[in-house]
Student: 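Attaching a single structure in structure tokens format; questions to follow.
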Amino acid sequence: MSKPQMIQTDLDSVLTAQEIAEIDAELGHVPYKSGAAIDALKIVQAKRGWVSDECLQAIARRLEMSAEELEGVATFYNLIYRRPVGEKVILFCDSVSCWICGCDDIKEKISAALGVDYGETTADNQYTLLPVPCLGACDRAPVMMVGDDLVTHIDEAQVKALFGDAKTGGDQ
Ligand code: FES
């Protein structure tokens with residue numbers, strides 16, 4: 001899909017003054033502008049919840065990268081969201097230790113409670129469910145992040161306590 005052509009003045013007005021100031025501060029810590037790519041993406045995502053095509057192009061211009069190069073960074077780094085997400089993102093570990101400890105069954109219970117599958121957001125915009133590789137807490141598997149909180153040894157009772165039984169339905 002071809003991206004819309006943007007004139008320079010449009011790109012200049014996409015990022016806020018604060019976002020630009022924070023990105024420029026990161027540029028002071030790296031030898032090449034492209035070295036600030038992940039931090040710049042995180043700065044914009046922290047303010048907006050996700051990184052739109054428009055923002056990605058504006059960041060790329062600030063870092064003197066092509067939009068395609070920056071897209072490659074954003075795609076590789078799976079904590080940069082290129083689509084809108086809910087208030088909290090559930091990063092559900094589906095790697096081997098969690099799989100051995102029954103994460104598939106837990107994931108089904110979460111999906112049933114929230115009415116969403118991987119990549120979907122609940123209709124009330126509270127949660128987006130995403131699979132992630134190992135979260136580095138294998139000794140406490142199954143594991144997930146709910147927003148900023150690490151949830152370990154997940155079992156059915158925890159799923160019920162966190163998400164209840166109500167199906168809210170996916171919207172993506
Ligand atoms: S495999 Fe799930 S935290 Fe390591």
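The basis for the numbers below is simple: all heavy atoms, side chains too, and nothing from hydrogens, waters or symmetry mates. Ligands are counted one by one from 1 in listed order, and the atoms in each one are counted from 1 as well.
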Student: Report whether any nitrogen, oxygen or sulfur of Cys134 sits less than 2.8 Å from atom 4 (Fe) of ligand 1 (N, O or S, backbone or side chain).
Tutor: yes
Student: Do you reckon Ile23 sits in the same ILVMFWY cluster as Leu79, going by side-chain contacts under 4.5 Å, direct or chained?
Tutor: yes
Student: Does Asp117 pair with Lys107 as a salt bridge, N-O distance under 4.0 Å?
Tutor: yes
Student: Give the cluster check for Trp99 versus Ile154: same hydrophobic cluster or not, with ILVMFWY residues linked at side-chain heavy-atom distances below 4.5 Å.
Tutor: no
Student: Check ligand 1 against Cys93 and write out every atom of the ligand that is under 4.0 Å from a heavy-atom position of the residue.
Tutor: 1 (S), 2 (Fe), 3 (S)
Student: In terms of atom number and element, which parts of ligand 1 are under 4.0 angstrom from non-hydrogen atoms of Ala137?
Tutor: 3 (S)
Student: Does ligand 1 have any atom sitting under 4.0 Å from a heavy atom of Ala141?
Tutor: no
Student: Do any of the N, O or S atoms of Cys98 sit under 2.8 Å from atom 4 (Fe) of ligand 1?
Tutor: no
Student: Does Val143 form a side-chain contact (heavy atoms from CB on, under 4.5 Å) with Phe92? I'd like the steps, not just the answer.
Tutor: CA-CA 7 Å; Val143 171; Phe92 191 86; over 6 Å; no
Student: Could you list the atoms of ligand 1 found under 4.0 angstrom from a heavy atom of Ser97?
Tutor: 1 (S)
Student: Are Val44 and Ile59 close enough that some pair of their side-chain heavy atoms sits under 4.5 Å apart?
Tutor: yes
Student: Is Asp148 salt-bridged to Lys88, cutoff N-O under 4.0 Å?
Tutor: no
Student: Assess Gly136 for proximity to ligand 1: is some non-hydrogen atom of it under 4.0 Å away?
Tutor: yes
